[in-house]
Asks: 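Okay, handing you the structure first.
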Amino acid sequence: MADPKGFLNHGREVAETRPVGERVHDWNEVYVPGSLLPIVSEQASRCMDCGIPFCHNGCPLGNLIPEWNDYAYRGDWQAASERLHATNNFPEFTGRLCPAPCESACVLGINQQPVTIKNVEVSIIDQAWEGGGVAPRAPERLSGKTVAVIGSGPAGLAAAQQLTRAGHTVAVYERADRIGGLLRYGIPEFKMEKRHINRRIEQMRAEGTKFRTGVEIGRDMEATSLRKRYDAVVIAAGATVSRDLPVPGRELNGVHFAMEYLPLSNKVQEGDLVQPPITAEGKHVVVIGGGDTGADCVGTAHRQGAASVTQLEIMPRPGEERSDGQPWPTFPLLYKVTSAHEEGGERVYSVSTTHFEGDGDGNVQWLHLTEVEFADGRPVPKPGTERRIPAQLVTLAMGFTGTDRSNGLVEQFGLDVDERGNIARDADFQTNVPGVFVAGDAGRGQSLIVWAIAEGRSAARGVDRFLTGASDLPAPVHPTDRALTV
């Protein structure tokens with residue numbers, strides 16, 4: 001324990017964000033560069049000698065949080081980085097993007113604000129990169145076995161890195177033109193600058209991982225031929241099928257899935273486009289869905305110069321503190337104000353879209369909605385509450401329903417799916433087809449980045465054992481594990 005009285009002497013202090021009037025005019029990360037370093041030591045000192053660190057249970061990766069908090073408090077960045085990387089391949093991703101179930105499980109959070117675990121994590125890894133402490137770890141010898149990884153999101157990258165370091169020859173196949181999956185083309189630049197992905201890819205290349213972009217397995221290459229070329233295959237294709245909203249007017253121009261809208265801004269930042277084909281500039285924007293993807297749409301619309309931004313959520317507004325039904329150390333559903341919400345716009349809860357109204361040219365102009373109340377867990381419209389709001393661009397950010405089956409990957413491999421439409425797997429993450437494994441959202445369903453990395457690491461152990469008969473690789477989760485809930 002770094003400071004026995006740290007949690008008594010210091011309150012919670014988080015990273016400082018840049019002024020709204022400044023950051024909405026660029027796409028850089030919202031935080032003030034270097035603002036964490038002066039406060040990270042005392043924030044890390046708030047980590048208690050709690051006996052049983054429930055943050056380990058809150059995080060599926062099993063991050064050694066008290067240990068690297070101690071090192072961060074003492075300024076031993078190299079040791080902190082080693083403990084951080086012992087359980088997490090990509091802490092710069094999770095430290096920026098994860099909603100931090102570890103903080104919800106922090107023992108200090110029982111009666112105080114929890115430790116700023118994410119901020120400490122980001123400080124450690126940024127210092128490690130800056131000080132040259134993140135080096136490639138090439139295997140000492142090669143196994144002679146080959147593995148194909150389908151998908152380059154966090155699950156696929158984690159599996160690929162673990163298997164490469166175990167001595168296997170690994171090739172990652174990505175259907176997009178760049179590596180990163182939704183990290184690349186789903187997360188806006190203001191949440192995570194893509195330079196963080198680029199330097200990890202270079203590290204992995206130096207370790208021996210091969211990357212094949214612009215190749216969609218099932219369309220550009222038959223899944224069966226891929227299986228013949230490699231000793232094992234890991235499917236980490238994600239759950240990329242967006243949930244639709246089948247109401248009248250859905251076909252109007254200007255109604256788009258969030259994942260049709262967001263990647264275009266990433267393309268502009270990559271230099272591929274001068275202007276995005278779908279833009280919020282000068283338009284009244286409505287975002288349907290109150291989660292993180294919806295918030296990403298809100299922040300993107302602000303930066304594109306929207307006339308107004310309204311975010312709709314069918315569920316009631318959450319409380320700002322834990323309810324009796326969401327006790328510590330579970331991950332609570334709370335009212336959250338992201339950086340995008342700080343930048344403006346309106347959030348409307350307990351409403352449901354009834355239909356869209358367009359102009360004579362087939363362009364959406366209005367969204368009609370009604371207030372709802374819940375009976376037996378189902379939303380019921382409240383009579384007399386119908387109204388319409390201006391909507392010249394609508395983004396659907398209501399989550400994802402499963403992995404893409406339109407490309408034929410599932411059928412060509414002959415894979416079984418479970419009752420939720422996810423690819424079925426056994427205790428080793430292996431599908432019904434020998435040598436074919438699945439990790440991440442493709443097998444679990446839509447989930448968090450920490451679960452994706454944990455599944456990639458765990459599936460790598462299953463692959464390694466399949467190829468060699470035994471494995472020393474860690475497996476932090478089982479396929480049936482779920483988040484800590486009541």
Asks: State, without any angle test, whether Y349 and Q311 hold a side-chain donor-acceptor pair at a distance under 3.5 Å.
Replies: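 Per modelled atom types, Y349 and Q311 side chains form no pair under 3.5 Å.
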
Asks: State which residue, out of I150, I201, V215, V149, fulfils the side chain to side chain contact (heavy atoms under 4.5 Å, CB included) condition with V172.
Replies: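 In the set I150, I201, V215, V149, the residue that makes a side chain to side chain contact (heavy atoms under 4.5 Å, CB included) with V172 is V149.
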
Asks: Is it true that S406 and R219 share a donor-acceptor pair across their side chains at a distance under 3.5 Å?
Replies: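 Checked: R219/S406 side chains pair up, N/O donor to acceptor below 3.5 Å.
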
Asks: Less than 4.5 Å apart, any side-chain heavy atom of D481 and any of W451?
Replies: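 The answer is yes; the side chains approach within 4.5 Å.
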
Asks: Cationic tip of R250 within the cone over F257's six-membered ring, i.e. under 6.0 Å and within 45° of the normal?
Replies: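 Yes, R250 and F257 form such a contact.
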
Asks: Kindly indicate whether the side chain of T353, heavy atoms from C-beta on, has any atom under 4.5 Å from the side chain of L367.
Replies: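 Side-chain contact under 4.5 Å: yes.
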
Asks: Would you call E371 and P381 a side-chain contact if the rule is heavy atoms closer than 4.5 Å?
Replies: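 No; the side chains remain at least 4.5 Å from each other.
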
Asks: Measure the shortest side-chain to side-chain distance between F93 and R200 over non-hydrogen atoms and say whether it is less than 4.5 angstrom.
Replies: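 Side-chain contact under 4.5 Å: yes.
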
Asks: Return yes if a side-chain donor-acceptor contact under 3.5 Å exists between H196 and E29, otherwise no.
Replies: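 Note: H196 and E29 side chains meet the donor-acceptor criterion.
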
Asks: State whether a side-chain donor-acceptor pair under 3.5 Å links Y185 with D177.
Replies: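 Indeed, the side chains of Y185 and D177 share at least one donor-acceptor pair under 3.5 Å.
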
Asks: Any Lys/Arg nitrogen of D220 or R212 sitting under 4.0 Å from an Asp/Glu carboxylate oxygen of the other?
Replies: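 Answer for the salt bridge query: no.
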
Asks: Kindly assign one of parallel, tilted or perpendicular to the pair W27 and F190, based on the angle between their ring planes and the thresholds 30° and 60°.
Replies: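 Plane angle between 30° and 60°, so tilted.
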
Asks: Report yes if some heavy atom in the side chain of I449 is under 4.5 Å from a heavy atom in the side chain of L183; otherwise report no.
Replies: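 In contact.
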
Asks: Would you say CD of E321 has more than 12 non-hydrogen atoms from neighbouring residues, nucleotides or ligands within 6.0 angstrom?
Replies: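 No, not enclosed.
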
Asks: Any salt bridge between K336 and E320, counting N to O under 4.0 Å?
Replies: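 Answer for the salt bridge query: no.
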
Asks: Checking salt bridge (charged side-chain N to carboxylate O under 4.0 Å, His left out) against R184, which of E270, E193, E189 comes through?
Replies: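 When salt bridge (charged side-chain N to carboxylate O under 4.0 Å, His left out) is applied between R184 and each of E270, E193, E189, only E270 qualifies.
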
Asks: Answer yes if the side chains of T17 and S339 hold a donor-acceptor pair under 3.5 Å, and no otherwise.
Replies: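 Short answer, no.
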
Asks: Does the Lys NZ or Arg CZ of R317 fall within the cation-pi geometry relative to Y335 - under 6.0 Å from the ring centre and within 45° of the axis?
Replies: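 Satisfied, under 6.0 Å and within 45°.
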
Asks: Is any side-chain heavy atom of L245 closer than 4.5 Å to a side-chain heavy atom of I288?
Replies: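 They are in contact (side-chain heavy atoms under 4.5 Å apart), so the answer is yes.
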
Asks: Looking at D418 and R425, does any basic side-chain N land under 4.0 Å from a carboxylate oxygen?
Replies: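 No, D418 and R425 are not salt-bridged.
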
Asks: Check whether the side chains of S447 and D441 place a donor and an acceptor atom closer than 3.5 Å, and report yes or no.
Replies: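 No, because no side-chain N or O of S447 sits under 3.5 Å from a partner of the opposite role on D441.
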
Asks: Should the pair R12-E103 be classified as a salt bridge under the 4.0 Å nitrogen-to-oxygen rule?
Replies: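 Yes, R12 and E103 are salt-bridged.
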
